[in-house]
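So the structure is just underneath, and the comments pick up after that.
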Amino acid sequence: MTTRYLDLNYVLPMPALTVSIGRVGERPWLGPIEAVVDTGADMTVLPLPLIRRVKAHPVGKGRLRGPWGDAHPVVFFLVELQIQDLRLPGTQVAGDEAGREIILGRNILNKLPLFLDGPQQQTDLLDDATANRLRERRKQA
């Protein structure tokens, strides 16, 4: 399934995937919601109103540093995420009081075989056969 790049009045469109969210131990039910694919973000960030809707429990506090070096206090939560047919149970996310969009960081992206096609402005989650074929091709190069 192809997801078109997100367009929320950005000067340049951003890659996106569609996600669903749920409380730990439950099938993700809130969604589908467009999420920004951010390979520069260490952590996945969800707006607090979404976290409250699924009644996720906090698991700790910390600080996240933004792209300009400023650190913000955050509360971490565990949620169930689903991206297409791939379910990611017990995913740690940071709650964002001010944000309005989901940002998929490397704690999630490093678990996904992704194809980002900038010229066509689409993002694809690759099936196992395609991902394995591309991995083998890389080994042989």
Side-chain angles (χ1 to χ4, degrees), residues 1-139 141:
M1 180 173 141
T2 299
T3 303
R4 298 293 296 172
Y5 273 36
L6 187 65
D7 183 14
L8 292 175
N9 299 320
Y10 288 106
V11 174
L12 296 172
M14 300 178 84
L17 288 170
T18 303
V19 303
S20 294
I21 308 161
R23 187 174 167 169
V24 170
E26 296 179 1
R27 185 178 157 277
W29 57 270
L30 180 60
I33 303 167
E34 291 289 305
V36 173
V37 172
D38 187 347
T39 61
D42 293 330
M43 188 77 183
T44 295
V45 179
L46 272 67
L48 276 176
L50 296 178
I51 292 171
R52 288 185 188 113
R53 282 186 62 194
V54 298
K55 298 182 175 134
H57 295 290
V59 294
K61 294 181 180 182
R63 297 180 72 75
L64 286 183
R65 193 167 304 281
W68 310 116
D70 51 332
H72 298 278
V74 294
V75 176
F76 296 108
F77 298 84
L78 289 181
V79 298
E80 302 281 316
L81 282 184
Q82 186 163 333
I83 302 172
Q84 293 178 18
D85 294 333
L86 181 62
R87 191 163 168 191
L88 302 164
T91 300
Q92 186 172 340
V93 299
D96 184 0
E97 290 180 6
R100 299 173 81 182
E101 55 198 21
I102 297 171
I103 298 172
L104 295 176
R106 289 190 312 270
N107 70 315
I108 294 297
L109 299 176
N110 286 343
K111 298 175 182 181
L112 305 176
L114 287 179
F115 175 69
L116 299 177
D117 186 348
Q120 295 299 311
Q121 295 186 356
Q122 67 186 43
T123 308
D124 287 302
L125 187 59
L126 300 177
D127 60 76
D128 288 338
T130 303
N132 289 334
R133 181 175 47 79
L134 291 171
R135 290 175 186 134
E136 281 301 315
R137 189 171 77 183
R138 183 173 180 158
K139 287 180 188 177

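Being a predicted model, the structure only gives us computed values, none of them experimental. No hydrogens, no waters, no symmetry mates; every other heavy atom, side chains included, goes into these values.
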Checklist line | Criterion side chain to side chain contact (heavy atoms under 4.5 Å, CB included) on Ile33 and Thr18, from CA distance to verdict | finding: CA-CA 5 Å; Ile33 303 167; Thr18 303; over 6 Å; no
Item checked: Under 3.5 Å: donor-acceptor pair, side chain of Glu101, backbone of Ile103 ->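 Checking the backbone N and O of Ile103 against the side chain of Glu101, no donor-acceptor pair under 3.5 Å is found.
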Notebook entry, point to check: Looking only at atom types and distance, does a side-chain atom of Asn107 sit under 3.5 Å from a main-chain N or O of Thr44, one as donor and one as acceptor?
Noted result: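 Indeed, once roles are kept as given, a pair shorter than 3.5 Å links the two residues.
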Quick one: closest heavy-atom pair of [X] and [Y], and the distance?
X: Leu64; Y: Ala94; result: CD1-CB, 3.5 Å
X: Arg63; Y: Ala71; result: NH2-O, 3.4 Å
X: Pro13; Y: Gln121; result: CG-NE2, 3.2 Å
X: Arg87; Y: Gly25; result: NH2-C, 4.3 Å
X: Leu48; Y: Gly95; result: CD2-CA, 3.8 Å

How about [X]: does its [atom1] atom have over 12 heavy atoms from other parts shown lying under 6.0 Å from it?
X: Asp128; atom1: CG; value: no
X: Asp70; atom1: CG; value: yes
X: Glu97; atom1: CD; value: no

Checklist line | From CA spacing to verdict: salt bridge (Lys or Arg N to Asp or Glu O under 4.0 Å), Arg133, Glu136 | finding: CA-CA 5 Å; Arg133 181 175 47 79; Glu136 281 301 315; over 6 Å; no
Item checked: Test side chain to side chain contact (heavy atoms under 4.5 Å, CB included) applied to Leu109 and Val37, step by step -> CA-CA 8 Å; Leu109 299 176; Val37 172; 3.8 Å; yes
Quick one: does [X]'s side chain get under 4.5 Å of [Y]'s, heavy atoms only?
X: Leu114; Y: Leu125; answer: yes
X: Ile102; Y: Val36; answer: no
X: Pro28; Y: Ile21; answer: no
X: Pro113; Y: Arg135; answer: yes

Return the [atom1] to [atom2] distance between [X] and [Y], rounded to the nearest 0.5 Å.
X: Phe77; Y: Lys55; atom1: CZ; atom2: NZ; result: 14.5 Å
X: Ile83; Y: Lys111; atom1: CD1; atom2: NZ; result: 10.0 Å
X: Leu78; Y: Gln92; atom1: CG; atom2: CD; result: 6.0 Å
X: Leu112; Y: Arg106; atom1: CG; atom2: CZ; result: 13.5 Å
X: Phe76; Y: Ile51; atom1: CZ; atom2: CD1; result: 10.5 Å
X: Leu30; Y: Ser20; atom1: CG; atom2: OG; result: 7.5 Å

Next item on the list: Establish, from distance only, whether the side-chain atoms of Thr91 and Glu80 form a donor-acceptor pair under 3.5 Å.
Entry: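 No, Glu80 and Thr91 have no side-chain donor paired with an acceptor closer than 3.5 Å.
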Check: When you check the side-chain N and O atoms of His72 and Arg65, is any donor under 3.5 Å from an acceptor?
Finding: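 No.
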Note to self: Under the criterion side chain to side chain contact (heavy atoms under 4.5 Å, CB included), I'd like the reasoning laid out for Val19 against Leu104: C-alpha separation, chi angles, the key distance, then a yes or no.
What the structure shows: CA-CA 10 Å; Val19 303; Leu104 295 176; 4.1 Å; yes
Check: Who pairs with Ala98 by side-chain contact (heavy atoms from CB on, under 4.5 Å), at least two apart in sequence or on another chain?
Finding: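 side-chain contact (heavy atoms from CB on, under 4.5 Å) check on Ala98 returns Asp96.
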